[in-house]
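For reference, the structure is listed below as structure tokens.
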There are 2 protein chains.
Amino acid sequence: MTQVRPMRADARRNYERLLKVAAEAFAEHGEGASLDDIAKRAGVGSGTLYRHFPTRQALLEAAYVDRIEALAVRADELGEELPPGEALVEWLNELCVGTIQVRGMKSLLGSAVTDGSAAAVTACGTNMKEAAARLVEAAQREGTLRPDIEPIDVLRLAHGVATASELAKGDRSAIRRYVSLLTEGLRPAR
Amino acid sequence: MTQVRPMRADARRNYERLLKVAAEAFAEHGEGASLDDIAKRAGVGSGTLYRHFPTRQALLEAAYVDRIEALAVRADELGEELPPGEALVEWLNELCVGTIQVRGMKSLLGSAVTDGSAAAVTACGTNMKEAAARLVEAAQREGTLRPDIEPIDVLRLAHGVATASELAKGDRSAIRRYVSLLTEGLRPAR
DNA sequence: ACCTGAACACCGTTCAAGT
DNA sequence: ACCTGAACACCGTTCAAGT
């Protein structure tokens, strides 16, 4: 398939420096961190940043792709350890907490689950959707999840809970309340 | 109290033109609409915009203050027409739908319920929080709402549901599902 | 008292020139 | 093949000059 010729040594060095600096910058200043600043801090011209990462989303995704993959793997682990319903609840918990702790990841998750967005067909989006699908389908077979919920709904709602939690800033009890509310609402009608 | 001297005729004219144009611009381009463009379309210098509305939030709030007030009034109407639990559910429905339909209102609601934000002590924020408090307390007395939920939680969660719904873009059934999930989750534990 | 618009600072993006 | 950084466009914000 897509024959990936190895990068030239300097290109690869720049690519990796950019990723490292970008992760720091997003963590520090949020998803809107200055791209020019990232290039400067990485010691490269701004054009180089654009050559490697044509859009802000591309950089965001590259900087966090390993965390996304870890979350997808975690879904499968939980699916093996716990009954389907509990696995989904626990995964949602970790997903929401993780999304809030790592600034910038929320917007990445968001664009991955936006309908009609070109970014929706990214590796990270597909990864997450497949992971969610496995947990969702198992829980629905078991009867512990509302049957009208689609995998992508779960991801969107996690994004919503993360957004609500951000509004609570320092309030640690709020996020716990919001996640529990989400998982309660996901249970089938009484 | 704050003695409000009437504005000079030209100042008042500009103020009103700015509000009208701003509402249009926010509806068209979202909360990030260009302020310079708003000033130009209103036929005033950019300095005039800043004189009347020192921050983007101030303009946003002024443009939508009537809608916010209508929502607060609506809360009381529903409180008289329906049993407390149903009133809250119906109000949340209208709040979420209204927030999604009017672009720009979501960020206004968001900043109104952000902890530690200076904007939290705005007229619109207090208005909404008081309206929510009346419904929340009544429903909790009735026993149809989880006792650990605070009025501000309800507003933050509505904001979260609106965010999740935005990700679904055109999907009309998604928002219904997300709101129903929120109201289900708000019911006391079984 | 209020308005105007030039001036400034900042940021994203492109591209000609360089290696 | 890749990098650099000047150049451009755009936006928010301030403020001296004008009425």
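It should be emphasised that the depicted structure is a prediction, and the values quoted were computed from it without experimental measurement. Letters A, B, ... are given to chains in the order of the sequence lines, protein chains preceding strands, and every chain is numbered from 1.
At least one donor-acceptor pair under 3.5 Å links the side chain of A/T114 to the backbone N or O of A/G110. Looking only at distances, no side-chain donor or acceptor of A/E184 sits under 3.5 Å from a matching main-chain atom of A/V179.
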Quick one: side chains of residues 84-98 of chain B, donor-acceptor pairs under 3.5 Å with protein atoms, not counting sequence neighbours, listed by atom name and distance.
unit_1, atom_1, unit_2, atom_2, d
B/W91, NE1, B/L71, O, 3.0
B/E94, OE1, B/R74, NE, 2.8
B/E94, OE2, B/R74, NE, 3.3
B/E94, OE2, B/R74, NH2, 3.1

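For A/R12, the side chain to side chain donor-acceptor pair (under 3.5 Å) partners are A/E16, not counting sequence neighbours. Remark: A/H29 pairs with no residue by the ring-ring contact (aromatic ring centres under 6.0 Å, His included) rule, at least two apart or across chains. The ring-ring contact (aromatic ring centres under 6.0 Å, His included) test applied to B/Y15 returns B/H52, B/F53, not counting sequence neighbours. Looking at residues two or more places apart in sequence or on another chain, you find a side chain to side chain donor-acceptor pair (under 3.5 Å) between A/E166 and A/K106. Scored by the side chain to side chain donor-acceptor pair (under 3.5 Å) test, A/D10 finds A/R8 as partners (sequence neighbours excluded).
Taken residue by residue, residues 46-55 of chain B places heavy atoms nearer than 4.0 Å to DNA chain D at B/S46, B/G47, B/Y50. Less than 4.0 Å separates DNA chain D from no heavy atom of any residue of residues 10-27 of chain B. Taken residue by residue, residues 29-40 of chain B places heavy atoms nearer than 4.0 Å to DNA chain D at B/A33, B/S34, B/L35, B/D36.
B/A23 approaches B/Y64 most closely through the heavy-atom pair O-OH, 3.9 Å.
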Kindly indicate, with the supporting measurements, whether the criterion side-chain contact (heavy atoms from CB on, under 4.5 Å) is fulfilled by B/E69 and B/N127. CA-CA 7 Å; B/E69 266 165 24; B/N127 237 341; 3.5 Å; yes
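At a threshold of 4.0 Å, the pair B/R41-B/E28 counts as salt-bridged, since one of the basic side-chain nitrogens sits closer than that to a carboxylate oxygen.
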When Watson-Crick pairs (N1 to N3 and N6-O4 or O6-N4) and G-U wobble pairs (N1-O2 and O6-N3) count only below 3.5 Å on both distances, what is the dot-bracket string of DNA chain C, with | for other-strand pairs? ||.|||||...|||||.||
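One hydrophobic cluster, built from ILVMFWY side chains closer than 4.5 Å, cannot hold both B/L19 and B/V65; they sit in different ones.
Here the OH-CG distance, from A/Y178 to B/L157, works out to 5.5 Å after rounding to the nearest 0.5 Å.
Read 5' to 3', the first and last nucleotides of DNA chain C with an atom closer than 4.0 Å to a heavy atom of chain B are C/dA1 to C/dA6.
If you run side-chain contact (heavy atoms from CB on, under 4.5 Å) between B/L108 and each of B/H159, B/M128, B/E61, only B/E61 comes through.
Listed by first then second residue, pairs satisfying salt bridge (charged side-chain N to carboxylate O under 4.0 Å, His left out) with a partner in residues 145-164 of chain A read A/D115-A/R156, A/R146-A/D148, A/D153-A/R156, A/D153-B/R177, not counting sequence neighbours.
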